[in-house]
Structures are given as C-alpha cells and as structure tokens.
Amino acid sequence: MLKIYNTLTRSKETFTPRIAGKVGLYVCGMTVYDYCHVGHARVMVVFDTVVRYLRYLDYDVTYVRNITDIDDKIIHRANENGESIEALTARFIDAMHEDERALAVLPPDIEPRATSSIHDIIAMIEKLITNEFAYVGTNGDVFYAVDKFKNYGQLSGKNTDDLQAGERVDVDLAKRNPMDFVLWKMAKEGEPFWESPWGNGRPGWHIECSAMSTCCLGNSFDIHGGGMDLQFPHHENEIAQSEGATGEKFVNLWMHNGFVRINEEKMSKSLGNFFTVREVLKQYSPEVVRLFILSSHYRSPLNYSDEQLNSAKAKLTGFYIALRDFDYAIMKDSVNSKLTGDYNANVPYIDDTEYKTRFERAMNDDFNTPIALSVLFDVAKELNKAKKSAPEKAEALAYTLQYLGNILGLLQENPDDYFKRVVAISDSIGISDNIEVSISNPIIDKQVQERIDAKKAKNWALADQIRDELKAKNVILEDSPDGTTRWRRE
RNA sequence: GGCUGCGUAGCAAAUCGGUUAUGCAGUGGCCUGCAAAGCCAUCUAGAGCGGUUCGACUCCGCUCGCAGCCUCCA
C-alpha cells in the first residue's frame, strides 16, 4: 500500500486516487531563460521516479509538467542577449530536453506552455472576476483578492496576519491589500503582450499553472508537485485561483522535494551558487548524477559535493561489475515490459522473493529511494557470491537487479558499454564537450594482449609496466584465473 | 518577528521503542606472480539536558546548532 507525504496535511497518507487505477500528476516545470541546474535535475529525477513507480504499480498515470515561457526574467534575458523571446525560449527548451534525456528522465505525457495557454488563462481570470475573487487595480493590472479566499495559507501553514508583506519588497499601491497578487499584467512599452478584456498584457506567474493543470487534468486531480520553494506563494496562490474559479477542491495531495545545497546553503539562481546539469555531466556520467540524487530521500536536503558524486560513481561501478557476464540482451527484454508496455512473455525468470518485497516496501513508504537502493546493494552482494557457487541463481539475481534498477531509472546500460564507452552519453545527445579519451579501445586490447604474452613468459616487469601505463590512462585491468584479462575504464 | 524542517559513526544515508541497516572510505584476511575485482572479518553512531518506559537513537519537553519559507527561485 503506497503512502505519500502530503504537504497539505503534513503527514503520510495512504494514496487513494480519485478514480481507481488512474493518477493525474502535475509538476511545476522550468522557466526557460537559462540552463537547468542540479536543483532542476532533482525535480526532474524525483518526479520521474515517482511516475515510474506509479506505473510499476499499474496506475494509468497522466503526467503533466509545464513550461513557463513568458515572464519578467525571460523578457530581461532576451533583451540582454539582443535575441527574440521565441529564440531564447526555444533554445533553452531544447537544452532542457537534452538534459532530461541524458538523465534518463521519461518525458511528461503533456508539456503545456504558458504562451499556448493564454486563452485558458484569460477564461480563468474572467471566472475569478465574476466570482469576485479578482479585481482590476488602479493601474489596470488584475489582482487576486487574497482575503476573499478563506483557506489562504493552508498549504504553507501561514496566517495572513503574520505575513510581513512589503517588508523586503515595495508594496504595489495599485493593490487593495498588500498580499494580493497579480493575475494579468498590463504590457509596458516594448513588452510582448496578448489581447484581453483588460487590455494588452500578459499573465502573472501563478495563474498559468492553475489554468494549465486544470485544463490538462480537470478541476480536481490527484497529485501536484514541485520544489519546496514553490510552496509559498506559488502553490498557495494556485489553490486560491483554481478553487476560486472552479469552486471545487483543486488537488488532493501536494508533494514537495527538498533543495540541493552547496556548503550547507541552498543552490539557487539568485545566490549564483549553482552548477548547470551540463557542467556536471562533463565530469560525471548522467547515471552517476541520477544515483546521487536518489541516494537521499526526496524531501531531505541533498548536499552537492565532489565527494558525494565520486561516491555515487563508485557505487554505480560496483553495480555494473556485479551485472557483467550476463546476457544483457535477454535481461533488457525482461526489464522493460512493465514500464514500456511492451510485455515480453518470454522474459527469463525474475527472482520474486524477499528483494522485490523489500524494495516495494521501501518505495511504498513515501518513495524511500535510499532504502530501495540498499536493497539493490544487497542483491548485488548476493549476486557476486552466487556467481561461482550457483550460476543460475546469480543470473536470476542479475535480472532482479536490473528489473528493480529500472524502476529507479538505473542500471539499464549494457555493462560492457558502461565500462568501455569512449564517448560519454552526454556527447551522443550533444550536451557536453568531448571527454578526453587518451587511448582507444583497440589499442587497449592490443596492450592487454601484449601483457598476456608477457605474463606467459613470466616477464612480470613488463606485465606490470603495461598495467601501470594503462592505469595512468584510467584503464583498470583485471586478471581472471583462466589466464584471460579484462579491462574497464574508470 | 511569524512559520517549516533538520541535527545518526571518517563521509553519505535510512529504518526502528528491546534484534547486523546500507553504500563509500579505513583496517585485517582469503584469492592473485603482484594487482584489480569479489568474498569474509572488523573499527568508528545517534547535538546537549531532563521526562515517559522494565527498556529510547526511536515518544514528550527544554536548550543549543543548522537550513528553508515569509521576494523571483526547483
């Protein structure tokens, strides 16, 4: 039985979809004026894992994640760059999709854009005015009257009396109440605009998500997610807007993921202490980044450091070492069925014992990926033990490892590719610069053969020298008892 | 000032009122020509002070420390 922590009630709740077997999930996506940083990667990976697991549980999931492609920052950045807004956002939308693919994040089912939803946004604002939740301010902007919505502050646990509006930001005098927020913003000279009953302008930030989520998923839906920082005011405002317009309960369950931190401080654009996904991918493989993210619970803070990334890399190498020597092609078939829908009846035996149960128990407990991963480590250990003593069992465990790994979006590579890849995955989709490969695979094979010959001649000095030279080029050799040698890149 | 959340061994990270978490790193061993990988063994815990309890890392209270939100932010 799946339990999920609901920010609205501040407790773990048994997940019960509105319609049996179906889940509507909306996640607040990116504002596309810059490259995604590791914090964005966390949202992508966390909710991708949520979706994968829900699908694994046989829910029919509709996953919606929006793109904010019009707002102040975008306008400013386009002006700075001297490029059109369309060109800027198209560029960063492409970049975002590249980052996603690299991180094995499955695309959302629907990816609505603010600029394609203007009609729905205007309709919702009109509804809010009709229902007397919104008014036109003295400057022509349309505002939401916060005091008209009785539950305002429920999600974030805030009492409007305690909020110090205007403490750090000048209160807009056009508002009736300092807490009120803008729904429709009148266009200034030179700004992009859309026609509306209130004049030429553009939507406020919060309204787009209310419009897009209810349009895609209905007035009420199951789960709404995003980063912790969106809890207030963004999600609070979404509730006020949606429920004010529809009169129906907006969302049953709110999920918020924790921040990525650097040196005990939030990674954020405004602090400037962020690493972009593509920067990180020059140094670490996407799968390492994904494993790093899933190593901590999604609601906990996640500290970004080389030490942590290196540790994730060592763990991943350990998994692939356990997985090598098995027929990858067969495993691949066995693994994909449930998540892709291409069910293969000929899949090999999948160990169906305690590991799967333990894994599911962990994931059922609010997507506890650290514990789920610890189950995978246990599988890997038993698999390594079984390799010599019980080959059939080992094979079944290898399937299990890949099968469970797939639910987390991990361990889907051919181990040979993982260890011998010359070009980073990120290169193949155009993200990063070429990673310097100081030696090609054929040359490695040749040197390894020379070393085998040297070993046969008991020329240990030469054998060691070749091994050291390869080690210097990040190629690790492993001798087997049968006289063969295999190698892997580090 | 208001409101959240957190403080676990060298590092990271969970569970749990009484039983080995797990991984990385370290140490000792097996294996190996030597390594590597793997396996076996092993050292480091639960911020501080009280309380509840037969028994608390786990529940409650207080103190200290850290982070976040109250402004755009994932």
Query raised in the report: Do any N or O atoms from the side chain of A/D141 and from the backbone of A/K185 form a donor-acceptor pair under 3.5 angstrom?
Result: no
Query raised in the report: Under 3.5 Å, side chain of A/N6 to main-chain N/O of A/N252, donor-acceptor pair present?
Result: yes
Query raised in the report: Hey, does A/P233 reach any base, or is it just sugar-phosphate, or nothing, if we go heavy atoms under 4.0 Å?
Result: sugar-phosphate
Query raised in the report: What is the distance from CG of A/L155 to C1' of B/rC69, rounded to the nearest Å?
Result: 12 Å
Report task. Please work out if A/M267 contacts a base, only the sugar-phosphate, or nothing of the nucleic acid, heavy-atom cut-off 4.0 Å. Result -> base
Query - Euclidean distance, atom CG of residue A/D325 to atom P of B/rA36 [Å, nearest integer] - result: 19 Å
Query raised in the report: Is the centre of the A/F92 ring less than 6.0 Å from the centre of the A/Y35 ring?
Result: yes
Query raised in the report: Looking for any heavy atom pair under 4.0 Å, which part of the strands does A/H37 touch: base, sugar-phosphate only, or nothing?
Result: base
Any protein N or O atoms within reach of nucleotides 64-68 of chain B? Criterion: under 3.5 Å, listing atom names and distances.
{"residue": "B/rA67", "atom": "O4'", "partner": "A/R261", "partner atom": "NH1", "Å": "3.4"}
{"residue": "B/rA67", "atom": "O2'", "partner": "A/R261", "partner atom": "NH1", "Å": "2.8"}
{"residue": "B/rG68", "atom": "OP1", "partner": "A/K266", "partner atom": "N", "Å": "3.2"}

Query raised in the report: Rounding to a whole Å, what distance do you find between A/W460:CH2 and B/rC34:C1'?
Result: 8 Å
Requested in this report: Determine the contact category for A/I321: base if any of its heavy atoms lies under 4.0 Å from a base atom, sugar-phosphate if only primed atoms, P, OP1 or OP2 are that close, otherwise nothing.
Outcome: sugar-phosphate
Requested in this report: Determine the Euclidean distance between corresponding C1' atoms of B/rA13 and B/rA25; express it in Å to zero decimal places.
Outcome: 15 Å
Query raised in the report: Is any side-chain N or O of A/R42 under 3.5 Å from a base N or O of B/rA74, one able to act as donor and the other as acceptor?
Result: no
Report task. Would you classify A/R10 as touching base, sugar-phosphate or nothing, given that sugar-phosphate means primed atoms plus P, OP1 and OP2, and contacts are heavy atoms under 4.0 Å? Result -> sugar-phosphate
Query raised in the report: Between A/K313 and A/E490, does at least one N-O distance fall below 4.0 Å, as a salt bridge requires?
Result: no
Report task. Rounded to the nearest angstrom, tell me the gap between atom CG in A/L383 and atom P in B/rG38. Result -> 11 Å
Query - A/Y63: partners by side-chain hydrogen bond (donor to acceptor under 3.5 Å, both in side chains), with sequence neighbours left out - result: none
Requested in this report: Could you list all the salt bridge (charged side-chain N to carboxylate O under 4.0 Å, His left out) pairs where at least one residue sits in residues 29-43 of chain A, not counting sequence neighbours?
Outcome: A/D34-A/R77
Requested in this report: Starting from P on B/rU15, measure out to CG on A/D365 and report it in whole angstrom.
Outcome: 7 Å
Report summary line: Given the options A/K420, A/R421, A/R290, A/E413 meets salt bridge (Lys or Arg N to Asp or Glu O under 4.0 Å) only with A/R421
Query raised in the report: Does A/S300 put a side-chain nitrogen or oxygen below 4.0 Å from OP1 or OP2 of B/rA14?
Result: yes
**Report entry** Exercise: do A/Y320 and A/E287 side chains pair donor with acceptor under 3.5 Å
**Finding:** yes
Requested in this report: Could you tell me whether A/S296 contacts a base, only the sugar-phosphate backbone, or nothing, with contacts defined as non-hydrogen atoms closer than 4.0 Å?
Outcome: sugar-phosphate
Requested in this report: May I ask you to say what A/R361 touches in the nucleic acid, namely base, sugar-phosphate or nothing, with a heavy-atom cut-off under 4.0 Å?
Outcome: nothing
Query raised in the report: What does A/G226 touch in the nucleic acid at a heavy-atom separation under 4.0 angstrom: a base, only the sugar-phosphate, or nothing?
Result: sugar-phosphate
Report task. Write down the distance separating the C1' atoms in B/rG26 and B/rU44, rounded off to the nearest Å. Result -> 10 Å
Requested in this report: Tell me which of A/E307 and A/G157 sits closer to the 5' end of RNA chain B, going by the nucleotide each one is nearest to.
Outcome: A/G157
Please write out the pairs of protein N or O atoms and N or O atoms of nucleotides 19-30 of chain B separated by less than 3.5 Å, giving the distance to one decimal.
none

Report task. Would you please name every residue forming a ring-ring contact (aromatic ring centres under 6.0 Å, His included) with A/F193, sequence neighbours left out? Result -> none
Query - C1' spacing across the pair B/rG65 / B/rC30, given as an integer number of angstrom - result: 46 Å
Query raised in the report: Would you call A/R358 and A/D378 a salt bridge, using N to O less than 4.0 angstrom?
Result: yes
Enumerate all atom pairs, one protein N or O and one N or O from nucleotides 41-43 of chain B, separated by less than 3.5 Å.
none

Query raised in the report: Contact class for A/N257 (heavy atom, under 4.0 Å): base, sugar-phosphate, or nothing?
Result: base
Requested in this report: Check salt bridge (charged side-chain N to carboxylate O under 4.0 Å, His left out) between A/K266 and all other residues, then give those that pass, not counting sequence neighbours.
Outcome: A/D229
Report summary line: note: A/L291, atom CG; B/rA12, atom P; distance rounded to Å ~ 16 Å
Query - Secondary-structure notation, RNA chain B, from Watson-Crick and G-U pairs under 3.5 angstrom (| other strand) - result: (((((((..(((.....[...))).(((((.......)))))....(((((..]....))))))))))))....
**Report entry** B/rG46 and B/rC16, which share atom name C1', separated by this distance in whole Å
**Finding:** 13 Å
Requested in this report: Using a cut-off of strictly less than 4.0 Å, decide whether A/K388 has a side-chain nitrogen or oxygen near OP1 or OP2 of B/rC31.
Outcome: no
Requested in this report: Check every strand shown and say whether A/S268 touches a base, only sugar-phosphate, or nothing at a heavy-atom separation below 4.0 Å.
Outcome: base
Query raised in the report: On a whole-Å scale, what distance lies between the P atoms belonging to B/rU15 and B/rG7?
Result: 10 Å
Report task. Could you tell me the separation between the OH atom of A/Y418 and the P atom of B/rA37, rounded to a whole number of Å? Result -> 14 Å
Requested in this report: Using atom OH of A/Y152 as one end and atom C1' of B/rC70 as the other, report the distance to the nearest whole Å.
Outcome: 10 Å
**Report entry** Heavy-atom side-chain proximity of A/Y56 to A/Y403 below 4.5 angstrom
**Finding:** yes
Query raised in the report: Any ion pair linking A/R65 and A/E100 (charged N to carboxylate O, less than 4.0 Å)?
Result: yes
Query - Integer angstrom distance from the C1' of B/rA9 to that of B/rU71 - result: 40 Å
Query raised in the report: Under 4.0 Å: is that the gap between some side-chain N or O of A/N368 and OP1 or OP2 of B/rU15?
Result: yes
Report summary line: Sorted by chain and number, sequence neighbours left out, salt bridge (charged side-chain N to carboxylate O under 4.0 Å, His left out) with A/R451 holds for A/D479
**Report entry** Test side-chain hydrogen bond (donor to acceptor under 3.5 Å, both in side chains) applied to A/D445 - qualifying residues, sequence neighbours left out
**Finding:** A/W487
Query raised in the report: Say you pick atom C1' in B/rU22 and the same atom in B/rU8; how far apart are they, in whole Å?
Result: 14 Å
Query - Selection residues 468-478 of chain A - residue pairs positive for salt bridge (charged side-chain N to carboxylate O under 4.0 Å, His left out), sequence neighbours left out - result: A/R324-A/E478, A/E478-A/R488
Query raised in the report: Mind checking the C1' distance from B/rA12 to B/rA74? Whole angstroms is fine.
Result: 22 Å
**Report entry** Counterpart residues, side-chain hydrogen bond (donor to acceptor under 3.5 Å, both in side chains), relative to A/N459 (two or more places apart)
**Finding:** none
